[in-house]
Amino acid sequence: MEATSEQDGGGSGAGDYEALMAALMANRQLLEAKVGINNAMFAASDSATSQLGGSFVVGECQGQKTIDGEQMPLVLGPSWEGAGEEDGAGYEALVAAVKGNREWLEDKVVTNSAVLLRGFDVHDAAEFDAVVEALGWPDIRYVGPAPRTHVHGRVWTANEGPLEQSVYFHHEMVLIKEFPAKVILFCEVPPPEGGETPFVPSFRVTERALDEFPEMVEELDAKGLLYTFTAPSNNNTESMRGRGWEDAFGTSDKSEAETRAKALGMDVEWLQDGGVKTILGPRTLTRVFPGRKGRRMWFNTLVGMHGKELSSATAADGAEIPASFVQRCEEIIEEESVQFRWRKGDILVLDNLATLHGRRPSLPPRRVLVATCK
């Protein structure tokens with residue numbers, strides 16, 4: 001009986017084997033196709049890892065948005081062990097990783113408009129300066145109304161105005177002939193509350209303004225905008241726009257200041273109190289920059305300067321711009337904003353041609369440093 005049972009079992013096994021082989025042969029093409037798909041997926045995964053240079057991993061942050069298919073900001077963290085620990089690996093390895101992936105990083109900044117480097121062991125202005133140098137972008141000196149102090153190398157303080165006040169959304173040096181292509185911010189001391197650096201994808205503001213006010217947008221773009229701004233003689237850190245003209249132009253000589261103002265694309269009128277009124281324009285409402293999908297950027301400071309105590313913004317022919325239009329543009333900008341909570345050591349790289357940025361009010365202490373690059 002046992003022999004018969006083994007023989008029967010063996011016969012059944014042989015039948016199953018033959019049935020399996022027949023099924024495999026009948027579905028050979030399908031199986032080969034699935035193997036090919038799996039191999040392609042592994043190859044794509046290896047390619048993606050190679051494109052990251054083995055140096056970064058993609059992460060997430062609270063407040064991150066997906067806009068036109070891209071993450072803003074793109075969050076990049078360290079791929080190596082020991083980052084952020086007291087072995088110094090984070091800071092030094094970040095500098096090496098940045099040097100080895102410059103083109104890839106620049107492509108990501110342009111594609112995503114904002115890249116947040118988070119989780120690296122960057123402590124202070126000197127280490128931040130080393131990262132800025134590693135990126136390889138030329139320096140450009142800040143010219144503008146915000147009071148700032150040089151800290152180290154290419155690093156300056158961000159706006160030193162009172163923390164309880166906000167800094168309105170703007171493209172850095174938007175009204176100057178030569179403006180930075182990149183703005184790099186470093187959080188040395190995160191605030192206990194508030195103090196975010198929100199940013200806005202500029203093309204979204206143009207798109208929405210065109211949807212609601214097509215004639216007004218095209219008219220202002222064609223005419224251009226004329227701006228005025230009044231600056232004191234010396235710095236006033238009690239104001240968000242308290243930088244004195246002597247500091248801004250790097251001279252106390254009025255004649256030399258006029259020459260430098262002309263080179264920057266502005267005219268000046270001297271005031272009896274020693275201050276100066278600068279006139280800039282005409283400037284277009286929007287601009288299109290190469291490599292950015294033909295998007296029309298909201299490259300102006302209309303909302304930030306229209307009807308303010310120390311500034312004005314009008315059409316270049318002198319016509320007033322309706323306050324209702326300016327107010328609605330302000331609402332659109334806020335609705336399109338992206339923000340995250342700063343962490344110590346964060347480095348935010350902004351495409352200044354594609355993003356407006358600002359500052360929320362905060363409790364002290366807060367120390368965010370900045371470098372501007374061509």
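Note: hydrogens, waters and symmetry copies are ignored here, and every other heavy atom, side chains too, is used.
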Can you confirm whether more than 12 heavy atoms, excluding those of [X], are under 6.0 Å from its [atom1] atom?
| X | atom1 | result |
| --- | --- | --- |
| E218 | CD | yes |
| E212 | CD | yes |
| K262 | NZ | no |
| R343 | CZ | no |
| K277 | NZ | no |
| K99 | NZ | no |
| E309 | CD | no |

Self-check item: Cluster check V174, I279: I/L/V/M/F/W/Y, side chain < 4.5 angstrom
Solution: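 Cluster IDs for V174 and I279 differ.
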Practice problem: Indicate if L135 and I347 have the same hydrophobic cluster label, given that clusters are the connected sets of ILVMFWY residues with side-chain heavy-atom separations under 4.5 angstrom. | Solution: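 Yes, it is one cluster - the side chains of L135 and I347 are joined through contacts under 4.5 Å.
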Checking [X] side chain against [Y] main chain: does a donor-acceptor pair fall under 3.5 Å?
| X | Y | value |
| --- | --- | --- |
| D124 | E127 | yes |
| D221 | V217 | no |
| T251 | A257 | no |
| R359 | N159 | yes |
| T372 | I140 | yes |
| N112 | Q71 | yes |
| Y227 | T301 | yes |
| R296 | T286 | no |
| W156 | R141 | no |

Practice problem: Anything under 30° is parallel, anything over 60° is perpendicular, the rest tilted; go ahead and classify H170 against H357. | Solution: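 The arrangement is tilted - the two ring planes meet at 30° to 60°.
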Quiz item: Between W342 and F340, what is the ring plane arrangement, given parallel below 30°, perpendicular above 60°, and tilted in between?
Solution: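 Correct class here is perpendicular.
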Quiz item: Looking at R292, H171, K108, which one forms a side chain to side chain donor-acceptor pair (under 3.5 Å) with D351?
Solution: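 Answer to the side chain to side chain donor-acceptor pair (under 3.5 Å) test with D351 among R292, H171, K108: R292.
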Quiz item: For E160 and T149, does a side-chain donor sit closer than 3.5 Å to a side-chain acceptor?
Solution: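 Short answer, yes.
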Quiz item: Salt bridge check: are E256 and R260 linked by an N-O gap of less than 4.0 Å?
Solution: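 Looking at E256 and R260, the cut-off is met.
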Practice problem: From the options L116, L74, V75, select the one residue that forms a side-chain contact (heavy atoms from CB on, under 4.5 Å) with Q64. | Solution: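 The single option meeting the side-chain contact (heavy atoms from CB on, under 4.5 Å) with Q64 is V75.
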Quiz item: Of all heavy-atom pairs between A97 and N101, which one has the smallest distance, and what is that distance?
Solution: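 The answer is O-ND2, 2.7 Å.
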Quiz prompt | Closest heavy-atom pair and its distance - L226, P282 | solution =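 Looking at all heavy atoms of both residues, the shortest contact is CD1-N, 4.5 Å.
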Self-check item: Residues C329, W298; criterion side chain to side chain contact (heavy atoms under 4.5 Å, CB included); working and verdict
Solution: CA-CA 10 Å; C329 291; W298 189 256; 3.7 Å; yes
Quiz item: Could you walk me through whether D129 and R154 pass the salt bridge (Lys or Arg N to Asp or Glu O under 4.0 Å) check?
Solution: CA-CA 6 Å; D129 185 64; R154 295 170 55 177; 5.4 Å; no
Quiz item: Hey, does the Lys NZ or Arg CZ of R148 hover above the aromatic six-ring of Y142, less than 6.0 Å from the centre and inside 45° of the axis?
Solution: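 Cation-pi check for R148 and Y142: passes.
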Quiz item: V155 versus F186: any side-chain heavy-atom pair under 4.5 Å?
Solution: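 Not touching, per the 4.5 Å side-chain cut-off.
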